[in-house]
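All residue numbers in this chain count up from 1 along the given sequence. The structure presented is a predicted model; accordingly, all values stated were derived computationally and were not measured. Both counts, for ligands and for their atoms, begin at 1 and track the order of listing.
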Amino acid sequence: MPTSSSKLTSAVVPCPAVESLDAILPEEPLLMMGAGPVPIPAAVAKANTIVINHLGATMVKVISQVKTMARYVFQTHSKWVLGVAGPGSAAMEMAISNLAWEGTRMLSIKNGFFSGRMAEMARRVGARVSTLEVADRSVASLDEIAEAIRRERPEIVTVVQGETSNTVWNYQLKDIAALAKAAGALVIVDAVCTLSTMPLAMDAWGIDAVITGGQKGLSSIPGVSLIAFSDAAWERVKGRTAPNAHWCLDASLAENFWHNAGYHYTAPVSGVLALHEALRLVCAETLEKRFARHQKCSVALQDGVTALGLQLYAPKECRLNSVVGIEVPAGLSPGDVCAHISRQHQVEISGSFGLPIVRIGQMGEQCREHNLFRTVHALGRTMVDLGVKVDLPAGVAALERALSEGK
Ligand SMILES: *Cc1c(COP(=O)(O)O)cnc(C)c1O
């Protein structure tokens with residue numbers, strides 16, 4: 001008789017034996033120095049353990065403060081600030097799917113992996129997307145952008161402030177937004193990695209939608225994100241005739257929760273509380289001081305890495321401070337470097353989607369002097385261990401010099 005046991009096992013799913021988290025996680029937490037998620041402050045971690053009623057009076061107060069603090073961080077007076085349950089990409093999809101639909105003309109300035117994602121999302125809602133392809137390690141000139149806007153007559157222009165994948169900084173963001181505005185287009189900015197690490201003035205620069213995630217500059221947990229729409233953008237959202245195919249990301253439905261204390265979906269209350277604390281710490285520090293801390297720490301890291309004898313990936317004029325890209329010496333792969341530094345030194349850094357680099361983040365809690373010393377030392381030792389000639393004492397000395405000069 002054919003065994004019935006195979007049938008039986010296919011019918012019943014047996015209770016699995018799994019390891020406890022204690023057995024899986026490293027004894028000492030890894031120092032998260034990659035391109036995100038980043039370390040979170042104790043106040044954020046504590047808030048993330050709390051569950052409250054998502055529709056009660058306490059939540060209403062929390063939401064109100066989150067919006068007020070977010071307006072400061074976005075530098076906008078716009079009422080239309082909302083949270084999103086989901087990654088930075090969900091906030092991105094909220095911007096795209098509410099503002100674009102069948103036939104919308106969109107120009108996507110594509111500096112790399114993440115800015116290309118906005119174009120992909122727009123195509124999926126039926127927009128007519130043209131892409132300005134920007135060469136790796138560079139930014140588009142304002143002339144090229146002006147020409148593309150003249151040619152394509154976009155209703156929407158999308159651009160990233162910091163392209164985390166190849167560590168390029170769109171330092172002309174303000175001028176790009178002005179060009180788009182002058183042509184009557186709405187401007188969507190991906191500030192997932194940069195928000196609160198460098199200046200971004202949504203109102204003053206004429207930006208219509210800014211998106212961010214929790215786990216980068218803000219040093220909150222991944223999974224709860226923020227978005228702000230200008231009045232003009234909100235008018236377009238309200239004026240659309242076809243409903244958004246994304247129910248969870250429908251900004252009009254999200255307005256129920258984020259502005260009218262009503263129900264849309266059960267908000268990730270713990271994550272919103274964590275975000276509240278992350279924003280509160282940004283406000284306590286002030287943006288000016290936070291930008292200065294990021295600048296000082298990133299430049300010191302770059303000095304330290306260069307003095308080790310390694311090459312930075314992006315040229316100086318468009319080098320992103322928030323995430324630093326480092327060329328991997330010949331004969332090694334990014335995976336080799338990341339695996340070794342993690343295993344031997346308990347420091348996590350990132351590779352980058354096929355590029356020959358490793359990336360070290362300088363976002364939020366990553367920009368602390370003790371984290372920098374540990375990271376530069378660990379990177380230097382990793383290179384030595386893997387047979388690359390670097391000058392480890394020179395790297396640490398350069399880091400120290402830059403940090404004390406920057407004081
Ligand atoms: C990390 C990142 C994203 C994606 O964020 P997720 O939270 O992973 O969805 C998008 N854009 C930029 C610039 C980023 O750095």
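- Using a 4.0 Å cut-off to heavy atoms of Thr164, the atoms of ligand 1 that qualify are 12 (C), 13 (C), 14 (C), 15 (O).
- Atoms of ligand 1 found under 4.0 Å from any heavy atom of Arg117 (numbered from 1 in listed order, with element): 4 (C).
- The cationic group of Lys216 lies under 6.0 Å from the six-membered ring centre of Phe114 and within 45° of the ring axis, placing it in a cation-pi geometry.
- Salt-bridge annotation for Glu163 and Lys110: absent, with no side-chain N of the basic residue lying under 4.0 Å from a carboxylate O of the acidic one.
- Residue contact check: Asp190 has heavy atoms under 4.0 Å from atoms 10 (C), 11 (N), 12 (C), 13 (C) of ligand 1.
- Here Trp258 and His264 keep their ring centres 6.0 angstrom or further from each other.
- Contact analysis leaves Gly213 out of contact with ligand 1, as no non-hydrogen atom separation drops below 4.0 angstrom.
- The distance criterion of under 3.5 Å between nitrogen or oxygen atoms is not met by Phe114 with respect to ligand 1.
- In this structure the side chain of Val187 never reaches within 4.5 angstrom of the side chain of Ile176, judged on heavy atoms.
- Near Gly162, meaning under 4.0 Å from any of its heavy atoms, are these atoms of ligand 1: 13 (C).
- Counting the atoms of ligand 1 from 1 in the order shown, those under 4.0 Å from a heavy atom of Val160 are 13 (C).
- At a 4.0 Å cut-off, not a single heavy atom of Glu163 sits close enough to ligand 1 to count as contact.
- For the atom pair CD1 of Ile63 and OG1 of Thr58, the computed distance is 11.5 Å after rounding to the nearest 0.5 Å.
- Using cut-offs of 30° and 60° for the angle between ring planes, the His54 and Tyr263 rings count as perpendicular.
- Minimum heavy-atom separation, Leu218 to Thr212: CD1-CG2, 4.1 Å.
- Ligand 1 has an N or O atom lying under 3.5 Å from an N or O atom of Lys216, backbone or side chain.
- Looking only at heavy atoms of the protein, atom 9 (O) of ligand 1 is closest to Ser89 OG, 2.5 Å.
- The proximity of Gln215 to ligand 1, defined as any non-hydrogen pair under 4.0 Å, is limited to the side chain.
- Between Arg137 and Glu327 a salt bridge is recorded (basic side-chain N to carboxylate O distance below 4.0 Å).
- Atom 6 (P) of ligand 1 has Gly88 N, 3.5 Å as its closest protein atom, hydrogens excluded (heavy atom only).
- Neither the backbone nor the side chain of Thr194 comes within 4.0 Å of ligand 1, counting heavy atoms alone.
- Relative to the six-membered ring of Trp101, Arg236 meets both conditions, a distance below 6.0 Å and an angle of at most 45° to the axis.
- Residue-ligand proximity, Pro87 to ligand 1, at heavy-atom distances under 4.0 Å covers atoms 6 (P), 7 (O), 9 (O).
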